[in-house]
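Beneath this line is the structure, given in structure tokens, with notes to follow.
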Amino acid sequence: AMRNGKRYSSMTKLETSCEGVCYVVPVLGSDPHEKRDISILYRYSALVFGHVPQNWSSGVYVSMPSNGCRRWKSSSRSQYCAQDADGAKADAEEESDVPRVSTSPSTGGDQLFVRCISRTIGGNSETLTLTSLIVESDAKDGKLCSAISFVLRKLGHGVVNDRFCKREGAELPRIVRNRLKKKTFCGCYGLQIRGNAEAESIEVPVPDRLK
């Protein structure tokens, strides 16, 4: 992209269907995709179905499936494929991909840090609770919205308006369903840029519908 005669390149990666903040830097050389010695911690907000375990209020670490960050591009293991919102193909969800949850970080492999922010009762049963989460990851591949939705769905807490969670949405009271209809409930609203210099944090307001 060009601005004021300068070329800029995005250092962050988001799906086209995912709203959120991006980090752009001026291009120093001739290559707009030049490598920079930085790492990025993505901070997502999500609204999910169900009453999450109590220890999620303090935060838990959740393993990502081995194909999570590749966004299921390989279809060799798929029994069927479905087109996701970003146009990529998603492998069939397999029982072997159930994520592991721990109160301490593990070594090796990508993982998510998930923390419960608030709960809102959507009906007369705990099964109709809506829970607001913060999800953080420094996975280098970026484009984490689909992977986050997949992981949370496998844990029994699908993201609101996830196309694989229509049954959970149908169980909400009609007045609640109408308020949630056709809206995005997972987005990246915070970044922490880590490089040779001091870490830089970038945050934008989280929409009220995710709180």
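Note that the structure is a prediction, hence the values are computed from the model and not measured.
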**Message:** Within the 4.5 Å heavy-atom criterion, are L130 and L180 side-chain neighbours or not?
**Reply:** yes
**Request:** Step by step, work out the side chain to side chain contact (heavy atoms under 4.5 Å, CB included) result for L112 and V151.
**Result:** CA-CA 9 Å; L112 306 172; V151 168; 4.1 Å; yes
**Message:** Could you measure the distance from the SG atom of C116 to the CD atom of Q54? Nearest 0.5 Å is fine.
**Reply:** 7.5 Å
**Message:** Is there a side chain to side chain contact (heavy atoms under 4.5 Å, CB included) between Y23 and E200? Walk through the geometry before answering.
**Reply:** CA-CA 11 Å; Y23 180 65; E200 177 184 3; 3.8 Å; yes
**Prompt:** Do L172 and F185 sit in the same hydrophobic cluster, where Ile, Leu, Val, Met, Phe, Trp and Tyr count as joined when their side-chain heavy atoms come under 4.5 Å apart?
**Reply:** yes
**Request:** Mark yes or no for whether E15, through its side chain, and S146, through its backbone, hold a donor-acceptor pair below 3.5 Å.
**Result:** yes
**Asked** Aromatic rings Y61 and F113: how do their planes relate, parallel, tilted or perpendicular, breaks at 30° and 60°?
**Response** tilted
**Pair H51 + W56: ring centers closer than 6.0 Å** = no
**From I193 atom CD1 to S201 atom OG, the distance as rounded to the nearest 0.5 Å** = 8.5 Å
**Request:** Verify the neighbour count for atom CZ of R179: are there more than 12 heavy atoms of other residues, nucleotides or ligands below 6.0 Å?
**Result:** no
**Prompt:** Do Y44 and L41 share a hydrophobic cluster, counting only Ile, Leu, Val, Met, Phe, Trp and Tyr and linking them when any side-chain heavy atoms are less than 4.5 Å apart?
**Reply:** no
**Asked** What do the steps show when you test S132 against R115 for side chain to side chain contact (heavy atoms under 4.5 Å, CB included), and what is the final call?
**Response** CA-CA 9 Å; S132 297; R115 183 163 57 91; over 6 Å; no
**Inter-residue atom distance K181.NZ - N161.CG, 0.5 Å rounding** = 10.0 Å
**Complete:** For D162 and S149 the tightest heavy-atom approach is OD2-CB, 3.8 Å
**Message:** Nearest 0.5 angstrom please: R209 CZ to S45 OG, how far?
**Reply:** 10.5 Å
**Message:** Hydrophobic cluster membership, with links at side-chain heavy-atom distances under 4.5 Å among I/L/V/M/F/W/Y: are I40 and I134 in one?
**Reply:** no
**Item:** V206 reachable from Y42 in the ILVMFWY side-chain graph, under 4.5 Å edges
**Value:** yes
**Prompt:** Do side-chain atoms of H157 reach the backbone of F49 as a donor and acceptor pair under 3.5 angstrom?
**Reply:** yes
**Prompt:** So, S106 and Q111: side-chain donor and acceptor under 3.5 Å apart, yes or no?
**Reply:** yes
**Asked** Quick one: CD1 on I148 to CD on E136, what's the gap to the nearest 0.5 Å?
**Response** 10.0 Å
**Residue pair E203, R43: steps toward the salt bridge (Lys or Arg N to Asp or Glu O under 4.0 Å) verdict** = CA-CA 9 Å; E203 293 188 12; R43 188 181 194 192; 3.5 Å; yes
**Item:** Shared hydrophobic cluster, L47 / V176 (ILVMFWY, side-chain heavy atoms < 4.5 Å)
**Value:** yes
**Request:** First locate atom CG of L144, then atom CG of L14, and finally report the distance between them rounded to the nearest 0.5 Å.
**Result:** 8.5 Å
**Message:** Between E168 and R177, does any NZ, NE, NH1 or NH2 come within less than 4.0 Å of an OD or OE carboxylate oxygen?
**Reply:** no
**Asked** Which atoms form the tightest heavy-atom contact between A139 and S137, and what is the distance?
**Response** N-OG, 3.1 Å
**Message:** Is it the case that the side chain of T184 and the backbone of C186 share a donor-acceptor pair, with hydrogens and angles ignored and the cut-off at 3.5 Å?
**Reply:** no
**Prompt:** Given the rule in the side chain to side chain contact (heavy atoms under 4.5 Å, CB included) test, do L155 and V62 qualify, once you have shown the distances and angles that lead to the verdict?
**Reply:** CA-CA 10 Å; L155 293 174; V62 182; 3.8 Å; yes
**Asked** Does C188 reach the side chain of K143, with side-chain heavy atoms less than 4.5 Å apart?
**Response** no
**Prompt:** Are K183 and V160 side-chain neighbours, meaning at least one heavy-atom pair lies under 4.5 Å?
**Reply:** no
**Y189: ring pair (Phe, Tyr, Trp, His ring centres under 6.0 Å) partners, not counting sequence neighbours** = none
**Request:** Would you check if I202 and Q192 make a side-chain contact, meaning some heavy-atom pair closer than 4.5 Å?
**Result:** no
**Message:** If you define the side chain from C-beta out and look only at heavy atoms, does anything of R153 sit under 4.5 Å from C165?
**Reply:** yes
